[in-house]
Amino acid sequence: MIKFLRDYIRSNWIFYILFIILPFVFFSPFLVNKVIIGKIDAFNNFFPYYFFLADSVSGGYLPLWWHYTNLGYPFIEILQGGVFYFVNYFFIPLFKYDPSLAYNLNLIFHIILMEFIIFHYAYFLLEDKRIAFLVSIAGSFSGGFISYIDYKAFNNSLPYIVLCLYNLHLFIYKIVNGSKGYWGNLFLYSLGFSFVVLISHPNMIVYLSFYSFMYVIFVLFVNRGYFLKVLFSWLLSILISLPIWILQFVIFYGYLPLTYRSVVKESMYNIGSYSVEMLATYFVPFIYSDFYIDTFQLEGVVNFEIIRYVSVLAIPALVYFIYKIFSNFKDMDYKLRYGFIFILALVSFILSLGKYTIIYYFLYLFPFFNTVKTPLRNLIFFDFCLAIFIGFLIKDIFFVSRDVQERKEKLFLFLKITIFSFLALFLVSFIFFYVNQLLSNVDKIVNLNYMNLLFLLFLFFYFIIFYFHSRFSKLVFL
């Protein structure tokens, strides 16, 4: 086992080193200037909580009572206080010397961990380490993942969420294919689930439970003969993890009826729904002005949650992936590898629309789903899937296709998909402007700066050449 791990690390050492270096480079302005990484909640909640925890432990007493807000309340019952999450204690000694560095290193550690886990999940799906590396970077540093670094509990939970989905997916894959070693994957799922509960971000606990259940349900469409075995094994994994997180759950469950969220959960259930016209930001992130983005704050949504960006290739890669998966739907290995990711992307996007779809209201009956808010946070899973789709696109065009003519045909197909998806996306956005009766403020809604205009004109110009001058379109592939 040790020899296997040593050889495995040697074969991937360049990727692992980059995974460690890149987050420090990315956040170097914060580290150099000794500034906390965050915007709102980091300063108002998470850093003060973490500092109080460090100060209490360093002083040799239990962090029992938080007396800095209102009339005070039990600190151990603050769900996102992280008292029971052991990783928090690794960085506590640094608080004596540099509190901001200790806090930032905690966040960076979890980003590095997320890079590693996404890399292995992508490698399992795409079977190419170079592409898996690109997917890991695109996913870990996407707009959605990075923006949620303001919520320490959200940031800490993300790598374990991916770890759980990866091992549950691998567990199902091994069972259906008759492979061995799937109990190890189930154990890792239990461990990851425990950490998510100990970190205790309400959305992440509920999302992990729900999307894990979706993975299990999808087995019915892959090979229903294994459904009961997968279902009972999944429930067993949660039962195994019970001793780790039961204390956290019991303490908070008794405190839940006294919280503000329990009083207003019905009225907050659909607050923060994703509006379809914002999909345009996946192509042009800042096409909307601050005025328009700020209108979403009326629903209690922070502005950085609205703008989503993974890559300009993201939406075309999604459409290309859908085309390929339906073209190969009868292929069992295709369904086992990519079917789960497709369902994850589809369901997470639909749920992010919140009040705009009837489906979201049905989930009010799912255990604890009615206690979480801000439906658009489901997009964190959609963004992860988009990173996978980009890797799938690169692999299918440049690595699977050996024949030059076949590669040209796939490129041609992808360019057509890019143009049509771009035009369709902006058409939908335009329609939603009418629905929201915002055309009177269109000059304030859209940022008509030179970069956006240049991008739009370039695509329009390319569209004209591509479809009306076949001689030029052929030159693209020369």
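All heavy atoms count here, side chains included; hydrogens, waters and symmetry mates do not.
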*Steps toward side-chain contact (heavy atoms from CB on, under 4.5 Å) verdict (Met332, Val222)*: CA-CA 7 Å; Met332 177 59 72; Val222 176; 3.7 Å; yes
*Residues Tyr338, Phe342; criterion ring pair (Phe, Tyr, Trp, His ring centres under 6.0 Å); working and verdict*: CA-CA 6 Å; Tyr338 305 122; Phe342 173 68; over 10 Å; no
_From CA spacing to verdict: side-chain contact (heavy atoms from CB on, under 4.5 Å), Ile111, Phe145_ = CA-CA 9 Å; Ile111 291 177; Phe145 277 58; over 6 Å; no
*Is there a side-chain contact (heavy atoms from CB on, under 4.5 Å) between Leu353 and Ser273 once you walk through the steps?*
CA-CA 5 Å; Leu353 300 176; Ser273 301; 6.0 Å; no
*Take Ile172 and Phe340, measure what side-chain contact (heavy atoms from CB on, under 4.5 Å) needs, and give me the verdict at the end.*
CA-CA 10 Å; Ile172 295 170; Phe340 294 93; 3.7 Å; yes
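You'll find the ring centres of Phe384 and Tyr121 inside the 6.0 Å limit. Side-chain rings of Phe116 and Tyr16 approach one another, their centers coming within less than 6.0 Å.
Interatomic distance, Leu393 CG to Leu126 CG, rounded to the nearest 0.5 Å: 11.0 Å. Here the CG-CG distance, from Leu163 to Leu188, works out to 6.0 Å after rounding to the nearest 0.5 Å. To the nearest 0.5 angstrom, Leu168 atom CG is 9.5 Å from Asn185 atom CG.
Put simply, the side chain of Ile390 does not reach to within 4.5 Å of the side chain of Val135, judged on heavy atoms. Under the 4.5 Å side-chain criterion, counting only non-hydrogen atoms from C-beta, Phe109 is not in contact with Ile112. Counting only heavy atoms from C-beta outward, the side chains of Tyr166 and Leu125 never approach each other to under 4.5 Å. Residues Met204 and Ile199 are not in side-chain contact: their nearest non-hydrogen atoms beyond the backbone lie 4.5 Å or more apart. Put simply, the side chain of Pro375 does not reach to within 4.5 Å of the side chain of Leu351, judged on heavy atoms. A 4.5 Å side-chain heavy-atom check between Leu105 and Phe24 finds at least one atom pair inside the cut-off. Side-chain contact between Tyr207 and Ser348 is absent, with no heavy atoms from C-beta onward closer than 4.5 Å.
Ring geometry for Phe119 versus Tyr123: interplanar angle under 30°, hence parallel rather than tilted (30 to 60°). Classified by interplanar angle (parallel below 30°, tilted 30° to 60°, perpendicular above 60°), the ring pair Tyr49/Trp66 is perpendicular.
Scanning for ring pair (Phe, Tyr, Trp, His ring centres under 6.0 Å) contacts around Phe171 gives Tyr182, with sequence neighbours left out. Evaluation of the side chain to side chain donor-acceptor pair (under 3.5 Å) rule for Tyr211 yields Asn378 as partners, not counting sequence neighbours. Remark: Tyr103 engages no residue in a side chain to side chain donor-acceptor pair (under 3.5 Å) (not counting sequence neighbours). Here Lys324 pairs with Asp396 under the salt bridge (Lys or Arg N to Asp or Glu O under 4.0 Å) rule; sequence neighbours left out. Residues meeting the side chain to side chain donor-acceptor pair (under 3.5 Å) test with Ser140, sequence neighbours left out: none. Under the rule for a side-chain contact (heavy atoms from CB on, under 4.5 Å), the partners of Ser237 that lie at least two apart in sequence or sit in another chain are Leu186, Tyr189, Ser190, Trp234. Among residues two or more places apart in sequence or in another chain, the side-chain contact (heavy atoms from CB on, under 4.5 Å) test is passed with Asn106 by Tyr50, Asn88, Phe91, His110, Lys152, Asn156. Applying the salt bridge (Lys or Arg N to Asp or Glu O under 4.0 Å) test to Asp331 and every residue at least two apart in sequence or in another chain returns nothing.
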Report all side-chain donor-acceptor pairs from residues 309-317 shorter than 3.5 Å, counting only partners two or more places apart or in another chain.
{"from": "Tyr309", "atom 1": "OH", "to": "Val312", "atom 2": "N", "distance (Å)": "3.1"}
{"from": "Ser311", "atom 1": "OG", "to": "Leu313", "atom 2": "N", "distance (Å)": "3.1"}

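Counting only residues at least two apart or on different chains, the salt bridge (charged side-chain N to carboxylate O under 4.0 Å, His left out) pairs with a member in residues 380-390 are Arg308-Asp383. For residues 211-221, there are no salt bridge (charged side-chain N to carboxylate O under 4.0 Å, His left out) pairs, not counting sequence neighbours. Legend: salt bridge (charged side-chain N to carboxylate O under 4.0 Å, His left out) pairs involving residues 171-195, not counting sequence neighbours: none detected.
Judged purely by distance below 3.5 Å, without hydrogens or angles, the side chains of Tyr173 and Asp333 pair a donor atom with an acceptor atom.
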